[in-house]
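The block underneath contains the structure these notes are about, expressed in structure tokens.
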There are 2 protein chains.
Amino acid sequence: MLLALISQEPRSGYEIRKILVTTPMAHYSDSPGSIYPALKRMEKRGLVRSEEESVGQRKRQRYACTRKGNSALKQWLIKPVNRADVMYNLDELLLRFAFMQALSRRETLAFLADLEQHLERHVIELKKFFAGVKKAMPITGRLAMESGIESYEATLRWARRAKKELASV
Amino acid sequence: MLLALISQEPRSGYEIRKILVTTPMAHYSDSPGSIYPALKRMEKRGLVRSEEESVGQRKRQRYACTRKGNSALKQWLIKPVNRADVMYNLDELLLRFAFMQALSRRETLAFLADLEQHLERHVIELKKFFAGVKKAMPITGRLAMESGIESYEATLRWARRAKKELASV
DNA sequence: TATATCATGTAATGCGTTACATGATTTA
DNA sequence: TAAATCATGTAACGCATTACATGATATA
């Protein structure tokens, strides 16, 4: 996510932190103890390059994406969708999707097709599992499972709609 | 979650790991490097008590919930729902709900009422934010935001249904 | 008799969280 | 002139991940 934000335009740690508190990405930690060390690690790995600016006495480090950083970002974006990610990291998949403006329509649609397919299978298996155990479950457990299944179904409906919408643009 | 599983009935680390791979809780890590140290920490804190069993040469540690553990579990379950949890830890809230069979109907309904209220407000604020920025967003960003909003709406619908269902039992 | 499963662990590494810290500049 | 905001960091602590390791028992 940091790479994606920096690749949109060069940004400082503080600007990134502000984005993290003022947008729905608030989900992710904006603590200085996570952001600043992460930026330094990325710089050490050659993914970003920092330039020191000075306004009066005040200094700020603005980070820009390197060629290597851009290609790492692209690899992350086009990484094939797998079952495990759909089950455990759906949030990350949607985050990736949010940053796909730089990808081709074809690549973005391929991602959505994969996502749809894995979601479909996952919902089917969840329902199969649920059918086998629901009679033995306490009511709160049963309802919680239904909530999980319905969330996946909502995302599945969204994926289908997103595919149509993107294809028609 | 470990406490909740152990409070249902005494369990060994290995049994807990099996539950984590064979149920929708697969979400959470089943690695021995997380489970076994966590159980030891919980024992050190007096939340669980281990009994060593022997079947032939083979040993197993079975952990049982102590009084202190049961009360910590209950505190976790009845903890008031806040806005931040709805935004960042919705999964944990649903996990808590899944283990509420030991709570009174009143306590469980109070949880759902809180959840519903916070979800409602959150959806309203997300939509307000979205209305202000959607024209400036690239299509994938826009769609990703819609996915987020729709997920929360699906959970909100579920919470309302769950409330009715629980109240009618 | 080889392989799978039962069962429990440890060690290295990395990183997030929390809390603390500093100094510049803007706003009330 | 006090408080808020800009801006960037460090240190202690805890814990998850990954990989490695061990030995018993069941199954093919």
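Lettering follows sequence order; numbering is per chain, from 1. Just so you know, these numbers use all the heavy atoms, side chains as well, and skip hydrogens, waters and symmetry mates. Predicted model, so just to flag it, every value in this text is computed and none were measured.
Here A/K59 pairs with A/E52 under the salt bridge (charged side-chain N to carboxylate O under 4.0 Å, His left out) rule; sequence neighbours left out. Residues forming a salt bridge (charged side-chain N to carboxylate O under 4.0 Å, His left out) with B/E107 (at least two apart in sequence, or on another chain): B/K74.
To the nearest angstrom, P of D/dA16 lies 16 Å from CG of A/N89. Regarding B/R45, its CZ atom lies at a distance of 10 Å from the C1' atom of D/dC15, rounded to whole Å. For the pair A/K40 NZ and D/dA11 P, the interatomic distance rounds to 11 Å; values are reported in whole Å. Between B/E53 atom CD and D/dT25 atom C1' there is a gap of 16 Å when expressed in whole angstrom units.
The existence of a salt bridge linking A/E116 and A/R121 is excluded, since no basic side-chain nitrogen approaches an acidic carboxylate oxygen closer than 4.0 Å. In this structure, A/E165 pairs ionically with A/R161, as a charged nitrogen and a carboxylate oxygen lie closer than 4.0 Å. Between B/E53 and B/R58, none of the side-chain N atoms (NZ, or NE/NH1/NH2) sits under 4.0 Å from a carboxylate O, so this pair counts as no salt bridge.
Taking side-chain N and O atoms only, B/R41 has a distance below 4.0 Å to OP1 or OP2 of D/dC15.
Within the 4.0 angstrom heavy-atom criterion, base atoms lie near A/R58. Among the protein residues, B/R11 comes within range of no part of the nucleic acid, since none of its heavy atoms lies under 4.0 Å from any strand.
In this structure, the side chains of A/Y152 and A/H122 come closer than 4.5 Å at one or more pairs of heavy atoms. Using a 4.5 Å cut-off on side-chain heavy atoms (C-beta onward), A/L112 and A/W158 make contact. The shortest side-chain heavy-atom distance between A/F111 and A/L103 does not fall under the 4.5 Å cut-off.
For the segment residues 20-38 of chain A, residues with any heavy atom less than 4.0 angstrom from an atom of DNA chain D are, sorted by number, A/P32, A/G33, A/Y36.
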Protein N or O to nucleotides 1-4 of chain D N or O, pairs below 3.5 Å:
none

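From the 5' end on, the contacts that DNA chain C makes with chain A at under 4.0 Å to a non-hydrogen atom open and close at C/dC15 to C/dT25.
When only modelled atom types and interatomic distance are considered, B/Q61 and B/S12 share no side-chain donor-acceptor pair under 3.5 Å.
Here salt bridge (charged side-chain N to carboxylate O under 4.0 Å, His left out) pairs that include residues 89-98 of chain B, with residues two or more places apart or in two chains, number zero.
A donor-acceptor pair under 3.5 Å links the side-chain atoms of B/H118 to the main chain of B/V81, judged by distance alone.
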